[in-house]
Amino acid sequence: MEYDFKKIEEKWQGYWAENQTFKVENNSEKEKFYVLDMFPYPSGAGLHVGHPLGYIASDIYARYKRHKGYNVLHPMGYDSFGLPAEQYAIQTGQHPAITTETNINRYREQLDKIGFSFDWSREVRTSDPKYYQWTQWIFIQLFNSWYDKEADKARDIADLIAIFQKEGNSAVNAVCDEDVVPFTAAAWNAFSDKEKQQVLLQYRLTYLAETEVNWCPALGTVLANDEMVNGVSERGGHPVIRKKMTQWSMRISAYAQRLLDDLSILDWPQPLKDAQTNWIGRSEGASVSFKVLPQNNTMVADAEIPVFTTRPDTIFGVSFMTLAPEHDLVLKITTPEQKEEVKQYIEATAKRSERDRMADVKTITGAFTGAYAEHPFTKEPIPIWIGDYVLAGYGTGAVMSVPCGDQRDHDFARHFNIPIPNIFEGVDVSEEAFADKENTVIANSDFLNGMPYKKAVKRVIHELEQLGQGKGKINYRLRDAVFSRQRYWGEPFPVYYKDGLPQMIAAEHLPIVLPEVEKYLPTETGEPPLGNATHWAWDVEAAAVVSNKSIDHKTVFPLELNTMPGWAGSSFYFNRYMDPHNTEEVFSKEAMDYWQGVDLYIGGSEHATGHLLYSRFWQKFLFDKGLVPQPEFAKKLINQGMITGTSALAKRLQFEVEGRPFFIFVDVDVLEEYLKSPDKSSGDSPVEEFVKKYGDFVVQDIHADVTMVDSSDHLDVDAFVAWQPEYTDVTFVKNTDGSFKVSREVEKMSKSKYNVVSPDSICEVYGADSLRLYEMFLGPLEQSKPWNTAGITGVYGFMKKLWRLYHGGAQGSFLVTEGAPTADNLKTLHKTIKKVEEDIEGFSFNTSVATFMICVNELATQKCNNREVLESLAILIAPYAPHIAEELWSRLGHSTSIATAPFPKFQPEYLIESTKEYPISFNGKMRFKLELPVDLSKEEIEKAVLADSKTQDQLQGRAPKKVIVVPGKIVNIVG
RNA sequence: GCUCGAGUGGUGGAAUUGGUAGACACGUUGGACUUAAAAUCCAAUGGCCAUUAUGGCCGUGCGGGUUCAAGUCCCGCCUCGAGUACCA
């Protein structure tokens, strides 16, 4: 009987679905284990072979854990709000919900074909109102909370109001806006409702604030740095400017220290932890306040510029200050003479993306404001400049510039001929700044002279405090997260506006369902797409969304027009899976207490500072609220690497004939040979006749669809021309054998590069088990690697060989023999058990596939068809190739699924050897091998080796200087 | 720019604490079976040199270093990839 994967895979996928083999309950005698994949955004392109890589790995692990006796939660769902569906809606008018539904169905079909052991009864979709009702609910909880630094946790806003009523805000140690004004209890109680709300907004964990964004007026939308190229939008090339907008923000900065500290309890890849550590960017230093000197014609009185510095010890080295061009004070302090220059500079920087500004250190630009600040100690005037190397969003958006101690300040000072005073003893700072804290000795600095870094910092902070112009401070690079998007396809906020102030809709009225709109574009007045909705007002009395016409600002109010960002719904989905159908609460305590958290999370490292940081933030908030039992949601995390595509590039030569381009395609080998020939005319290359006729040419790479290219890189020219009819009449210069070879290049797998390989086609030709095995066989899970279908015949061959191992009967019929296995059989089996178990535990899936191959090769050579051995082997391979394992298992006479069959137990006694083949090295180079009993002592080994005639041949009469013997490992003779 | 990761045969990759570099596959070449093809099986396969078997030299991105011994550890580079706050 042949290995018929199609029949087998269909059969078992049907069986699993019918019997709900992988459905789990929230309680069990067994120990729990939670294996999670990062859920996908269902894009229109469908799955490509890169997507399932992590899913296959986690599925292997989940299945392995079931064999090991655990109650395994292994869910899947969709992160189904997002931009692509909205873009498609803008282009075609099709509702994003329809696009999303179609895409999800396609994804599901593709996922089912690979044979994953997901519990689909727990599926969640972030765009489902039954799900996003809870996203909205958590938003309300954040709005109704503030962060108490004393308790170091989030607390109910009602507690804060109680404090304000009793004692005002002066004693409150909370994370809040910078510009909170102190008030007494009496003052609080005298505030109007509106004033109270305004004050509270400065404390809430989600709040409205002015934020800098990349605004594209032509598109009427905000752009990511990603979507900007050289100051214009990637799509359409429209100008983009930096602009301030009122948006919802999340006070993630309140959790900065805890997010940093708890990294230590996480078993996550170090690079990922490093990324979060750097993102949070804790630095210790001081805040220093510089007074702006009053001048003729400037109207600013009492202006102060607060700065944060990690080097307060260098304060006497300050020779200028630099403000971000967007800094609030800039226009206020600029002198009339400088106004024009400053204005122009601000306009110029408004066009640059933040990333450009950070990356470009070579171009030094800036402008002088004409204003001066006063040095806190020397009282000397310090010129105030603006420069785009200072970012508005980082720190206070202003720096005290110390050119002798900071390279960027140094570059700036040199460029604009600003003095570079030296405050370091015995260091030359004329060429470059001196930033070495360890070897710092301060000079020319009044009371700091002669002090090292640490001592000087302490002293200067003390002096600043005396002056009332500064104090020690810990600064975080982490900024509060902007939570508003001017998009349609996202969660609506449960928020309406009364008197210009945001009000939460009561939780019992959730979900607030996304309204229908005519168009998915921003409105003509520049409002977000929800501005197009005709029924988007909140009737407080009816507790319902009603027509905008009813808005009277008394009982009917306008609703929020922004929607939430992509990361909102993905920041708690892992908890919702534990209790996905709960309509009473976000998740029950019972479910949370049983599952606790994710035991293994697999996903891409590109989520390091987005999803994975925001999720940790929400988890901590929910933990503070007593809603989840763990302060971290995922104990262990593994990053899977990206699978890159292998693009096929046909070489096209472009000539110019009568001012018009003229093309031919040339086989890559033919072209290379032509280009290699020294004078390009002596050979008889077919390219030559074109050159003689048309002159010089330019070589271009044209992407060909990888499905038209075989494993030897030969292009099916007919298919290529049928696909791109504009090449119908173009000449193809082929090789002498009539083939046409293309060159290959590894690139990101992408539709536009025609290098996408879908898992469907692989399943069609080789089967899901081969796909699973092959994806693992490609290389280490964490590494990125190119996809090349060529090698899949290897694992497919292995599958057939595995099948034959169980079908050694007449005409390939199923055959196993009862009785005791041979010593060789057992040695092979237990060697395999040991290695496979170690590999799964260590997430080294590629090496376990190799181990299976070796095992099957050995058992085939041994002509093993012993039941005991073959049953164990079926279980071993079941996590990797579950369909064939189920089929073999049932043929072995079992009537239930293999899914929970106990994993074979490794027995070391079968591997004991009596001899060891020692590699014998001379001066570190292996020369020959010598078989010796394993129980020899060091001395005995040395004696035996030296006595061997081959050793004497190597030494040729020399006496060895030294003999290194590592028992069980190696012998090295020096001399 | 900054942060992190990766460079090993023609290709994907393997190699416990430093201890036989190239496991396992792909590809290629030769052979068996076959009318033929497919499938399957056997053999060879890092490079160079030599050859009757035996052998010798070089070799893990580049340049140094530590060690009896370095793909692995240390120092200095080069190249590629990822992230860089509104792609998800």
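No experiment lies behind these values; they were computed from the predicted model shown. In what follows, chains carry the letters A, B, and so on, assigned in the order in which the sequence lines appear, proteins first and then strands, with residues in each chain numbered from 1.
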Residue [X], side-chain heavy atoms: nucleotide from [options] that is nearest:
| X | options | result |
| --- | --- | --- |
| A:Pro271 | B:G83, B:A85, B:C4 | B:C4 |
| A:Leu83 | B:G13, B:A88, B:G83 | B:A88 |
| A:Arg927 | B:A88, B:C68, B:C57 | B:C57 |
| A:Val974 | B:C57, B:C68, B:C41 | B:C68 |
| A:Thr847 | B:A15, B:G83, B:U20 | B:A15 |
| A:Trp279 | B:U20, B:C58, B:U84 | B:U84 |
| A:Met853 | B:A25, B:A88, B:A14 | B:A25 |
| A:Asp274 | B:G12, B:C4, B:G83 | B:C4 |
| A:Ile970 | B:A85, B:G19, B:A15 | B:G19 |
| A:Asn788 | B:U11, B:G5, B:A21 | B:U11 |

Would you say a side-chain N or O of [X] is under 4.0 Å from OP1 or OP2 of [N]?
| X | N | answer |
| --- | --- | --- |
| A:Arg408 | B:G1 | no |
| A:Lys785 | B:G5 | no |
| A:Asn857 | B:A25 | yes |
| A:Asn972 | B:G19 | no |

Can you confirm if the aromatic rings of [Y] and [X] lie within a centre distance of less than 6.0 Å?
| X | Y | result |
| --- | --- | --- |
| A:Tyr614 | A:Tyr255 | no |
| A:Phe81 | A:Tyr132 | yes |
| A:Trp787 | A:Tyr774 | yes |

How long is the line joining [atom1] of [X] and [atom2] of [N], in whole Å?
| X | N | atom1 | atom2 | value |
| --- | --- | --- | --- | --- |
| A:Lys800 | B:U40 | NZ | P | 4 Å |
| A:His607 | B:G83 | NE2 | P | 10 Å |
| A:Arg804 | B:A39 | CZ | P | 12 Å |
| A:Glu606 | B:A85 | CD | C1' | 15 Å |
| A:Arg357 | B:A85 | CZ | P | 12 Å |
| A:Asn278 | B:G5 | CG | C1' | 14 Å |
| A:Leu612 | B:U84 | CG | P | 13 Å |
| A:Trp787 | B:A25 | CH2 | C1' | 14 Å |

(request) Check if the side chain of A:Gln247 and the base of B:C86 share a donor-acceptor pair of N or O atoms closer than 3.5 Å. (result)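 For A:Gln247, whose side chain was compared with the base of B:C86, there is a donor-acceptor pair (under 3.5 Å).
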Distance, [atom1] atom - from [M] to [N], rounded to whole angstrom:
| N | M | atom1 | answer |
| --- | --- | --- | --- |
| B:C86 | B:U28 | P | 50 Å |
| B:U79 | B:G63 | P | 16 Å |
| B:A15 | B:C24 | C1' | 12 Å |
| B:G9 | B:G59 | C1' | 10 Å |
| B:U72 | B:U17 | C1' | 11 Å |
| B:G13 | B:G64 | P | 29 Å |
| B:U60 | B:A70 | P | 11 Å |
| B:C58 | B:G7 | P | 25 Å |

(request) Could you tell me whether the side chains of A:Glu560 and A:Trp248 share a donor-acceptor contact shorter than 3.5 Å? (result)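 Indeed, the side chains of A:Glu560 and A:Trp248 share at least one donor-acceptor pair under 3.5 Å.
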(request) Using distance alone, with no hydrogens and no angle criterion, decide if A:Asn562 and A:Arg485 have a side-chain donor and acceptor under 3.5 Å apart. (result)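 No donor-acceptor contact under 3.5 Å links the two side chains.
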Under a 3.5 Å limit for both distances, which nucleotide forms a Watson-Crick or G-U wobble pair with [N], could you say?
| N | answer |
| --- | --- |
| B:U16 | none |
| B:C86 | none |
| B:A53 | none |
| B:C41 | B:G31 |
| B:G81 | B:C4 |
| B:G9 | none |
| B:G76 | B:C62 |

(message) Taking A:Leu930's backbone N and O only, do any of them form a donor-acceptor pair with A:Glu917's side chain (distance below 3.5 Å, no angle check)?
(response)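 Not confirmed, A:Glu917 side chain does not pair with A:Leu930 backbone.
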(request) Please state whether the rings of A:Phe922 and A:Phe928 are parallel, tilted or perpendicular, taking 30° and 60° as the class boundaries. (result)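 A:Phe922 vs A:Phe928 ring planes: tilted.
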Mind checking if [X] touches a base, just sugar-phosphate, or nothing, with heavy atoms under 4.0 Å?
| X | value |
| --- | --- |
| A:Pro565 | nothing |
| A:Leu478 | base |
| A:Lys961 | nothing |
| A:Ile964 | base |
| A:Arg477 | base |
| A:Phe777 | base |
| A:Gln270 | nothing |
| A:Val222 | base |
| A:Pro780 | sugar-phosphate |

(message) Go through it in stages, so that I can follow the logic: the residues are A:Arg927 and A:Thr951, the test is side chain to side chain donor-acceptor pair (under 3.5 Å), and I'd like the CA-CA distance, side-chain angles, deciding distance and then a yes or no.
(response) CA-CA 9 Å; A:Arg927 292 300 170 184; A:Thr951 306; over 6 Å; no
(message) Judged by each residue's nearest nucleotide on RNA chain B, which is more toward the 5′ side, A:Ser844 or A:Gly924?
(response)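 Per heavy-atom nearest nucleotide, the more 5' residue is A:Ser844.
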(request) Could you check A:Trp567 against A:Thr793 and say which one's nearest nucleotide on RNA chain B is further toward the 5' end? (result)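 Its nucleotide being nearer the 5' end, the pick is A:Thr793.
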(message) Give me syn or anti for B:G13, where syn covers glycosidic angles within 90 degrees of 0.
(response)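 Anti, which is what one calls it when the glycosidic angle falls more than 90° from 0.
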(request) With salt bridge (charged side-chain N to carboxylate O under 4.0 Å, His left out) as the test, would you mind laying out the steps for A:Glu942 and A:Lys938 before giving the verdict? (result) CA-CA 6 Å; A:Glu942 182 172 338; A:Lys938 250 183 167 179; over 6 Å; no
(message) Against A:Gln247, only a single residue in A:Glu210, A:Gln486, A:Glu212 fulfils side chain to side chain donor-acceptor pair (under 3.5 Å); can you say which?
(response)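 Answer to the side chain to side chain donor-acceptor pair (under 3.5 Å) test with A:Gln247 among A:Glu210, A:Gln486, A:Glu212: A:Gln486.
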